[in-house]
Amino acid sequence: MSETAITFSDDQAEAHDTVAALLRSAGVDIDEAHLTPLSEGKSRVLAVLGKAGSGKTMLLSELYKALEEVGVDVVSGDWEGKARKDRRTLAILAPTNKAASVLRGFGVPATTIHRILYTPVYDPEYERIADWLAGQGTRPVVEGLTDAALDRALAFYNETKSVFGALATAGLRGSDFITGWKRRDDPLDIGFVDESSMLDEKQYEDLREIFPTLVLFGDPAQLAPVGQSGEMIFDRLKTSNKLELHRIHRQELDNPILDLAHALSDDSLDFDGFERMIEDAARSDDRVVVAPRANADLMTRSPVLVWRNKTRIRLIHAFRAAHNAPEYELLPGEPLICDGIELPLKHRKKRIDLEARGLIKGAQCVYLGPGRKAGFSRLHVFGAMEPQVSAASIVKIERPDEEEPFIPFAARMGAAFLHGAAVTIHKAQGSQWPEVQVFGPDLSAAAWAGRVEAGLPLWKRLAYVAITRAETRLHWVKRYALARPLQDLGTEDLQTVSAPLTLEKQGDEDGHA
């Protein structure tokens with residue numbers, strides 16, 4: 001079913017067959033390449049669970065390929081195509097932009113849950129291009145777009161299945177072809193949800209309303225959403241509706257970071273013993289680094305991961321001081337984390353527009369500079385299909401030992417941001433970076449506190465989530481200190497060919513987003 005033969009482990013093969021049986025009961029037979037129209041019936045939910053290195057992403061990818069090969073249409077967050085009675089669809093979702101971009105890096109056309117709940121309304125002229133890209137229309141002739149631009153768009157679409165990205169490749173901005181956003185009215189079909197340990201009650205209820213067939217992929221060792229008492233959505237499913245994958249033990253997959261993550265399941269391992277394991281790993285493998293202090297240069301694009309808010313605030317303060325950042329002004333290149341949208345209900349449409357562009361709670365951004373209007377910021381949104389936007393912003397920077405944050409500048413309402421040089425491990429879930437710094441003193445404090453979550457010491461859950469955010473190198477910070485930066489803040493690494501997507505023109509007479 002794929003160009004390269006994939007060899008599944010025994011539990012992966014069992015999970016594949018179980019998901020295939022679930023799909024067959026819903027009228028999609030990936031073994032016999034047979035589809036029947038979607039019919040009403042009972043909803044189906046299945047969870048595929050496994051720790052880091054168990055092959056969840058590979059399994060999800062192979063299932064996606066199999067569904068596409070039998071004729072199931074992939075529904076992205078930017079285009080759905082024309083409805084047909086016999087059409088079967090698949091949407092691959094993640095809770096955050098960063099988590100969705102991780103899947104896209106594996107060739108899986110993932111989108112965020114929010115982008116499925118709210119769909120774009122296209123300008124009719126550009127809708128014809130979208131139909132053509134999706135194979136549902138003839139090649140259009142559009143004033144201002146050359147044949148070469150259309151060819152670029154088609155090549156990009158064939159590789160990514162993203163209409164939004166393809167049109168951007170042709171030189172268009174979202175504001176050129178999207179006239180607004182609307183809440184989804186009609187249900188979909190099959191949904192695959194990655195990082196499902198991050199789902200909260202409301203998101204799960206929304207997904208159950210939209211997808212009659214839902215497959216959750218999640219890691220039971222991660223941290224549950226705040227406010228759910230350590231329980232994850234899939235914990236409530238019947239045992240028969242849960243499948244467990246185990247780590248794949250193959251020589252080519254040997255990874256000291258995964259070794260450390262899986263060592264945390266040893267009940268006899270205490271924090272001091274775990275730190276000794278990290279030090280041993282660092283002596284034999286450069287993918288693990290024991291650092292005497294936090295690296296300020298890495299913090300510009302990869303936050304230090306901490307447990308306590310007071311640690312986060314102090315590290316941010318130290319980072320800004322090390323870069324000589326003025327108290328009442330942001331410097332281009334400073335990292336930010338979106339903390340939600342601060343708009344009244346009457347501005348619901350503007351909220352939808354901001355969130356659909358990637359400015360959802362937890363989105364990681366970099367400040368590029370001020371916008372054209374007072375209170376607006378130009379931003380790079382990591383993981384978004386069109387990452388550069390300009391939006392009304394409320395930037396809050398907390399200060400040590402002060403209850404209220406200071407606000408260097410702000411619109412009266414819009415997207416709210418916290419500084420992103422350091423983040424809590426909870427907020428880091430669903431994200432990955434090439435290199436990750438974990439603040440050891442905070443994990444030590446969690447171990448000394450003796451707290452337990454869902455039957456496991458909290459420090460072990462925190463350590464597991466934190467170190468598995470690292471793709472290639474883990475930095476374990478031993479001391480409560482910050483090294484001075486060797487490079488100035490900058491944005492050169494974030495420059496793109498297309499101009500930033502502006503939301504400024506959507507503001508009212510006061511310049512609100």
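Values reported hereafter were calculated over all heavy atoms of this structure, with side chains retained and with hydrogens, waters and symmetry mates removed. It should be emphasised that the depicted structure is a prediction, and the values quoted were computed from it without experimental measurement.
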| query | Hey, mind stepping through Asp200 and Lys202 against salt bridge (charged side-chain N to carboxylate O under 4.0 Å, His left out) and telling me if it holds? | reply | CA-CA 6 Å; Asp200 59 30; Lys202 182 63 169 62; over 6 Å; no
| query | When you look at Asp493 and Arg301, which way does the side-chain contact (heavy atoms from CB on, under 4.5 Å) test go after all the steps? | reply | CA-CA 10 Å; Asp493 58 314; Arg301 298 294 178 266; 3.0 Å; yes
| task | Could you give me the CA-CA distance, side-chain angles and deciding distance for Val436 and His475, then say whether side-chain contact (heavy atoms from CB on, under 4.5 Å) is met? | result | CA-CA 6 Å; Val436 164; His475 298 255; over 6 Å; no
| message | Between Leu93 and Ile116, does the side-chain contact (heavy atoms from CB on, under 4.5 Å) criterion hold? Intermediate values first, please. | response | CA-CA 8 Å; Leu93 313 172; Ile116 284 295; 3.1 Å; yes
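Between atom CE of residue Met58 and atom CG of residue Leu245 there is a gap of 9.5 Å, rounded to the nearest 0.5 Å. Considering CG of Leu207 and CG of Leu199, their distance stands at 6.0 Å, rounded to 0.5 Å. Of the inter-residue distances, the one linking Leu315 atom CG with Arg308 atom CZ reads 10.5 Å to the nearest 0.5 angstrom. For the atom pair CZ (Arg378) and SG (Cys365), the distance works out to 14.0 Å, reported to the nearest 0.5 Å. The CZ atom of Arg208 sits 10.0 Å away from atom CD1 of Ile233, with the distance rounded to the nearest 0.5 Å. The CD1 atom of Ile278 lies 6.5 Å from the CD1 atom of Ile467; values are rounded to the nearest 0.5 Å.
A donor and an acceptor atom, one from each side chain of Trp476 and Glu279, are nowhere located under 3.5 Å apart. Side-chain contact of Gln364 with Ser431: a donor-acceptor pair under 3.5 Å is present, judged by distance alone.
Here the side chain of Asp297 pairs a donor or acceptor atom with the backbone of Leu486 at under 3.5 angstrom. Checking side-chain atoms of Asp442 against main-chain N and O of Phe439 turns up no donor-acceptor pair under 3.5 Å. Proximity of a side-chain donor or acceptor of Arg469 to a complementary backbone N or O of Val465 within less than 3.5 Å is detected. Under the 3.5 Å distance criterion, the side-chain polar atoms of Ser302 are matched with a main-chain donor or acceptor of Glu435. The backbone N or O of Leu298 sits less than 3.5 Å from a side-chain atom of Asn295, completing a donor-acceptor pair. Looking at Thr112, its side chain does come within 3.5 Å of a backbone N or O of Arg115 through a donor-acceptor pair. When atom types are taken as modelled, the side chain of Lys478 and the backbone of Glu275 share no donor-acceptor pair closer than 3.5 angstrom. With hydrogens and angles disregarded, a donor-acceptor distance shorter than 3.5 Å links the side chain of Glu334 to the backbone of Leu331. Checking side-chain atoms of Arg312 against main-chain N and O of Ala422 turns up no donor-acceptor pair under 3.5 Å. The backbone N or O of Ala52 lies less than 3.5 Å from no partner atom in the side chain of Ser54, so there is not a single donor-acceptor pair.
You'll find the side chain of Leu368 reaches within 4.5 Å of the side chain of Leu494, heavy atoms only. Within the 4.5 Å cutoff, no side-chain heavy atoms of Trp433 are placed close to those of Thr472. Between Leu305 and Gln437 the shortest side-chain heavy-atom distance does not fall below 4.5 Å. You'll find the side chain of Ile92 stays beyond 4.5 Å of the side chain of Asp194, heavy atoms only.
Residue Arg451 comes nearest to Trp307 through the heavy atom pair NH1-CZ2, 3.5 Å, listed as atom of the first residue, atom of the second, then distance. Closest of all the heavy-atom pairs between Ala470 and Gln432 is O-NE2, 4.5 Å. Across Pro220 and Arg461, no two heavy atoms sit closer than the pair O-NH1, 3.3 Å. Closest approach of Ile257 and Arg287 over heavy atoms only: CD1-O, 4.0 Å. Scanning both residues, Thr491 and Tyr367, for their nearest heavy atoms gives CG2-O, 4.0 Å. A pairwise comparison of heavy atoms in Tyr464 and Ala261 identifies CD1-O, 3.6 Å as the closest pair.
The pair Glu342-Lys396 meets the salt-bridge criterion, since a charged nitrogen lies less than 4.0 angstrom from a carboxylate oxygen. Remark: Glu327 engages Arg399 in a salt bridge, criterion side-chain N to carboxylate O under 4.0 Å. In summary, Asp272 and Arg276 do not engage in a salt bridge, as defined by a charged side-chain N under 4.0 Å from a carboxylate O.
Residues satisfying the side-chain contact (heavy atoms from CB on, under 4.5 Å) criterion with Ala421, sequence neighbours excluded, are Met299, Ile316, Phe319, Pro335, His419. Every residue was checked against the salt bridge (Lys or Arg N to Asp or Glu O under 4.0 Å) condition with Glu471, not counting sequence neighbours, and none meets it.
In this structure, Phe274 and Trp459 have tilted ring planes: the angle between them lies in the 30° to 60° band.
Applying the 6.0 Å contact sphere to NE2 of His262 captures more than 12 heavy atoms from other residues, nucleotides or ligands. Atom CG of Asp270 has more than 12 neighbouring heavy atoms from other residues, nucleotides or ligands inside a 6.0 Å radius.
Between Phe192 and Phe217, the distance from one ring center to the other falls under 6.0 angstrom.
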